[in-house]
> 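If you scroll down you'll find the structure; I have some questions about it.
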Amino acid sequence: MASLYPSPPPLSITANNGASGASLSFGSFLFKNPKSKASKVAKPSQYYVSRVSCKATKDDNDTVEPTNDLGMFDRRDMLIGLGAGLYGTTATLTNESLSLAAPILAPDLSKCHEVAPVQGDPINCCPPFSSNIIDFEFPLNPKVKVRQAAHLVDETYIKNYKEAVRRMKALPADDPRNFTQQANIHCAYCDGAYPQPGFSDTEHVVQVHQSWLFFPFHRWYLYFYEKILASLIVDLDPDFTIPFWNWDNPKGMTIPSFYAEFDSPLYDTLRDPNSQPPKLINLNYSSDGEIPVDKTITPEEQVLSNLRVMYTQLVSGSKTPSLFFGCAFRACDTENPGQGSVESSPHGPVHVWTGRPWGGESHGEDMGNLYSAARDPIFYSHHANVDRLWPIWKSLGGNRRDIDDCDWLESEFLFYDENKNLVRVKVKDSLDTKKLGYVYQDVDIPWLRAKASSPQQGRVPKGSNKKRSDQGTKFPLALDSIVTTVVKRPKKRRSKEEKEQEEEVLVIEGIQFEEHFGIKFDVYINDEDVGLGGPIKTEFAGSFVHVPHKHKHGKEKKIKTRQRFGITDLLEDLGAEDDESVLVTLVPMFKRGHVTIEGIKIEFDRYGRRCYCIGRYWMRLKLMITTISLRGLMLAKRRSFFLYQLPMPDLWFLHQE
């Protein structure tokens with residue numbers, strides 16, 4: 001049974017001969033005093049997680065792997081969990097301090113390197129260097145401002161907004177507040193410009209997409225962008241906030257008019273001319289012109305399709321934190337563990353729909369490619385709406401809540417503020433927008449009422465006569481045509497209580513493709529009449545969407561990831577709760593030959609399985625774990641011991657291997 005965010009595996013601890021004076025401290029609240037052989041007990045903060053030290057060692061094939069001082073490769077088996085959320089890492093019992101924990105740490109700006117676009121010379125996305133870093137502190141008694149819907153702002157606001165962006169673009173090129181420098185932040189964090197601390201390879205990079213970092217990173221990004229803009233027009237509007245592009249509401253489903261004015265600093269020439277107002281956005285958009293689509297779809301049908309996308313991705317398909325935020329991404333992990341529902345769609349299609357069509361010298365710039373997306377001012381309004389969906393999702397109740405894994409809460413980023421200070425921020429400080437000084441304007445949310453009422457409801461677009469492959473599908477396979485396969489369910493006839501405890505999840509595993517391609521495929525459950533009906537069909541489970549990007553050195557790098565779809569509600573709607581298996585259909589919406597799939601399975605995501613950070617409950621157990629002397633246990637050089645995790649109360653013991 002899959003847990004919400006599985007704890008890292010047990011810790012292997014290796015002792016060296018001659019270390020008889022060394023001592024082992026269990027718990028991230030124990031630190032070694034460099035001036036003494038004894039250990040000092042430090043008072044933990046509420047969310048304290050100490051840091052992991054990852055070292056890179058090349059093998060004969062120049063493959064870089066994390067390793068300890070003994071050359072033993074550990075990756076995340078370096079990381080241990082203490083039922084209440086305490087983590088540690090592989091330790092060698094030398095005179096050096098033990099290194100602990102696994103959040104993604106703030107990058108080292110001095111290690112930033114160029115990234116390569118799909119074509120052309122490498123691009124320097126790196127910010128101006130500074131070694132002076134300050135830690136973020138909440139403003140005292142901040143005034144809570146309101147971010148407005150872009151289609152509802154008045155002319156005075158639009159005038160001030162244009163002036164703010166004009167002034168930002170006029171700043172010196174080496175000013176970290178300059179518009180291009182701000183756009184480069186996204187390029188650097190999204191295209192592999194920052195190696196994880198301790199690494200220099202292209203596999204272990206700081207990546208804020210395809211994982212649980214997506215939402216908090218972009219919230220912080222917008223926060224500082226907004227603060228800089230506001231500081232530049234404090235003489236015009238001291239309460240300035242950025243607008244959100246309300247593309248989930250029929251009244252906001254076109255590009256806001258002030259972004260489409262040719263002489264405006266908010267205009268970007270690198271947009272799809274076919275997406276200009278009054279064209280309605282398509283939240284299930286695919287850029288591949290070879291896929292047959294219905295060109296005669298009415299505005300009413302497009303609105304219905306968009307609202308169904310929103311309902312599927314926010315209500316029925318993401319009822320747990322892992323489904324909404326994405327998969328865990330910890331220190332020493334390689335990138336792309338798996339994106340959440342909203343990051344895939346509607347976030348991805350909005351990017352691709354807005355940017356230039358692919359073809360010739362175009363690779364989706366600006367919005368349709370991650371290295372260039374933030375060069376378009378509309379990017380920030382797009383992501384403001386994505387950010388707005390976070391508190392809306394939590395307000396829906398049930399098990400929809402923020403992640404309480406310490407490795408998520410303690411993950412870090414660096415941003416320059418309105419005073420050109422380099423600020424280190426943590427995910428845990430981004431969870432409450434009111435503490436950050438903003439909320440979103442209340443507008444109608446019609447997609448909450450957009451649940452499909454019966455199977456195959458709605459009009460199926462033309463071009464749905466593709467033949468699907470045989471049902472005896474063998475994996476791995478190239479997704480170059482419609483694929484159907486039967487997937488066995490681990491459980492059936494689940495009670496209401498069981499459904500409240502566990503979400504049934506469809507997992508598409510081992511999705512592999514070259515990352516510079518834009519990828520999209522739709523997923524259907526028990527769709528006997530295979531077509532391209534999209535979100536208007538009840539059988540529609542969701543989509544996998546990848547917005548293209550590229551890493552350094554111009555190498556053709558392949559991504560390997562997975563996508564998870566919550567299907568408990570969908571199976572109820574289809575009357576398939578008692579079925580032993582389901583028919584899964586994958587419909588590729590791209591040119592052939594780009595994607596391979598390793599397998600499809602169903603698992604369960606358990607609700608309510610929480611892990612707590614040190615300081616919340618550990619001290620209440622009155623179990624203070626102190627230094628354990630290893631004298632007398634040193635029987636041989638490099639003798640290994642293992643720590644094992646026990647159920648609550650949290651206890652640890654040494655087991656000799």
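Remember, it's a predicted structure, so these values are computed and weren't measured experimentally. Heavy-atom basis, side chains included; hydrogens, waters and symmetry copies ignored.
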> Is there a side chain to side chain contact (heavy atoms under 4.5 Å, CB included) between Leu270 and Asp376? Walk through the geometry before answering.
CA-CA 8 Å; Leu270 301 183; Asp376 189 335; over 6 Å; no
> Given side chains that start at C-beta, do those of Arg375 and Glu365 come closer than 4.5 Å, heavy atoms only?
no
> Using a 4.5 Å cut-off on heavy atoms from C-beta on, say whether the side chain of Glu539 contacts that of Thr585.
no
> State whether the side chain of Asp268 and the backbone N or O of Pro377 hold a donor-acceptor pair below 3.5 Å, judged by distance alone.
no
> Would you please indicate yes or no on a ring centroid separation below 6.0 angstrom for Phe325 and Trp390?
yes
> How long is the span from the CD1 atom in Ile519 to the CD atom in Glu514, to the nearest 0.5 Å?
9.0 Å
> Looking at Gln181 and Asn178, would you say the former's side chain and the latter's main chain have a donor-acceptor pair under 3.5 Å?
no
> Using the six-membered ring of Phe244, assess whether NZ or CZ of Arg147 lies under 6.0 Å from its centre and within 45 degrees of the ring axis.
no
> So, are Arg330 and Asp405 salt-bridged, with charged N and O less than 4.0 Å apart?
yes
> Trp447 side chain to Asn249 main-chain N or O, any donor-acceptor pair under 3.5 Å?
no
> Under 6.0 Å between ring centres: does that hold for Phe217 and Phe415?
yes
> Give me the atom names and distance for the closest heavy-atom approach of Asp272 to Gly355.
CB-O, 3.2 Å
> Between Asp263 and Lys162, does any NZ, NE, NH1 or NH2 come within less than 4.0 Å of an OD or OE carboxylate oxygen?
no
> Is it true that Thr320 and Glu503 share a donor-acceptor pair across their side chains at a distance under 3.5 Å?
no
> Please walk me through it: do Trp408 and Phe329 pass side chain to side chain contact (heavy atoms under 4.5 Å, CB included)?
CA-CA 8 Å; Trp408 185 69; Phe329 182 39; over 6 Å; no
> Could you check if a side-chain atom of Thr561 sits within less than 4.5 angstrom of a side-chain atom of Gln339, using non-hydrogen atoms only?
no
> Under 6.0 Å from the six-membered ring centre of Phe179 and within 45° of its axis: does the NZ or CZ of Lys169 meet both?
yes
> Quick one: closest heavy-atom pair of Pro250 and Val303, and the distance?
CG-CG1, 3.7 Å
> Would you call the rings of Trp245 and Trp353 parallel, tilted or perpendicular, taking 30° and 60° as the class edges?
tilted
> Any non-hydrogen side-chain atom of Gln441 less than 4.5 Å from a side-chain atom of Leu152?
yes
> Can you tell me if Asn421 uses its side chain to pair, donor with acceptor, with the backbone of Val423 under 3.5 Å?
no
> How long is the gap from CZ on Phe379 to CG on Asp366, to the nearest 0.5 Å?
11.0 Å
> Should we count NZ of Lys560 as having more than 12 external heavy atoms under 6.0 Å?
no
> Is there a side-chain contact between Thr254 and Leu280, using heavy atoms and a 4.5 Å cut-off?
yes
> Charged N to carboxylate O below 4.0 Å: is that the case for Asp522 and Lys537?
no
> Do Gln182 and Tyr416 meet the criterion of a side-chain donor-acceptor pair at a distance under 3.5 Å?
no
> State the CG-OG distance between Asp235 and Ser231, to the nearest 0.5 angstrom.
10.5 Å
> Evaluate ring pair (Phe, Tyr, Trp, His ring centres under 6.0 Å) for Tyr194 paired with Tyr189, printing each intermediate quantity in order.
CA-CA 7 Å; Tyr194 293 126; Tyr189 273 103; 5.0 Å; yes
> Between Arg356 and Gly368, is there a donor-acceptor pair closer than 3.5 Å when you use the side chain of the first and the backbone of the second?
no
> Hydrogens and angles aside, do Tyr223 and Ser430 bring a side-chain donor and acceptor to less than 3.5 Å of each other?
no
> For the CD atom of Glu301 and the CG atom of Asn306, what is their distance to the nearest 0.5 Å?
12.0 Å
> Verify, without hydrogens or angle tests, whether Glu226 (side chain) and Ile242 (backbone) share a donor-acceptor contact under 3.5 angstrom.
yes
> Provide the closest heavy-atom pair for Pro349 versus Asn284 in the form atom of the first, atom of the second, distance.
CB-N, 4.4 Å
> Using side chain to side chain donor-acceptor pair (under 3.5 Å), reason through Ser381 and Tyr259 one step at a time and then give a plain yes or no.
CA-CA 10 Å; Ser381 288; Tyr259 285 109; 2.4 Å; yes
> Between Pro337 and Gln210, what is the shortest heavy-atom contact and its length?
CD-O, 3.1 Å
> With under 30° as parallel and over 60° as perpendicular, where do the rings of His351 and His347 fit, or are they tilted in between?
perpendicular
> Quick one about Asp387 and Tyr438 (side-chain donor to acceptor, distance below 3.5 Å, no hydrogens or angles considered), yes or no?
yes
> How long is the straight-line distance from CH2 of Trp393 back to CZ of Phe324, given to the nearest 0.5 Å?
6.0 Å
> About how many Å separate CZ of Phe215 and CG of Asp402, when rounded to the nearest 0.5 Å?
10.5 Å
> With distance as the sole test, does Ser318 use its side chain to make a donor-acceptor pair with the main-chain N or O of Gln313 at under 3.5 Å?
yes
> Within a strict 4.5 Å, meaning less than it, do heavy atoms of the Asn399 and Lys319 side chains meet?
no
> Assess whether side chain to side chain contact (heavy atoms under 4.5 Å, CB included) is satisfied between Leu213 and Val206, documenting all intermediate values.
CA-CA 10 Å; Leu213 296 182; Val206 178; 5.6 Å; no
> Please confirm whether Tyr221 and Tyr225 have ring centers closer than 6.0 angstrom.
no
> Within the 4.5 Å heavy-atom criterion, are Pro103 and Lys426 side-chain neighbours or not?
no
> So, Trp220 side chain and Val425 main chain: donor-acceptor pair closer than 3.5 Å or not?
no
> Check step by step if disulfide (SG to SG under 2.5 Å) holds for Cys125 and Cys112.
CA-CA 8 Å; Cys125 298; Cys112 185; over 6 Å; no
> Quick check: closest heavy atoms across Ile403 and Pro321, and the distance to 0.1 Å?
CG1-CB, 4.0 Å
> Relative to the ring of Phe214, is the ring of His209 parallel (under 30°), tilted (30 to 60°) or perpendicular (over 60°)?
tilted
> Whether the Ser322 and Asp605 side chains hold a donor-acceptor pair (N or O, under 3.5 Å, no angle test) is what I'd like checked.
yes
> With a 4.0 Å cut-off, would you call Glu155 and Lys159 a salt bridge?
no
> With no hydrogens and no angle check, do the side chains of Asn282 and Ser305 hold a donor and an acceptor under 3.5 Å apart?
no
> Is the closest side-chain heavy-atom distance between Trp358 and Asn369 below 4.5 Å?
yes
> Taking all atoms of both residues into account, what is the closest heavy-atom pair of Pro391 and Arg219, and its distance?
CD-NH2, 3.7 Å
> Donor-acceptor check, side chain of Tyr524 to backbone of Gly534, threshold 3.5 angstrom: yes or no?
yes
> Decide, yes or no, whether a salt bridge links Asp417 with Lys227 under the criterion of side-chain N to carboxylate O below 4.0 Å.
no
> Dump the intermediate steps for side chain to side chain contact (heavy atoms under 4.5 Å, CB included) on Leu229 and Tyr380, then the final yes or no.
CA-CA 12 Å; Leu229 284 180; Tyr380 304 94; over 6 Å; no
> Would you confirm whether Arg308, through its side chain, and Ile536, through its main-chain N or O, come within 3.5 Å as a donor-acceptor pair?
yes
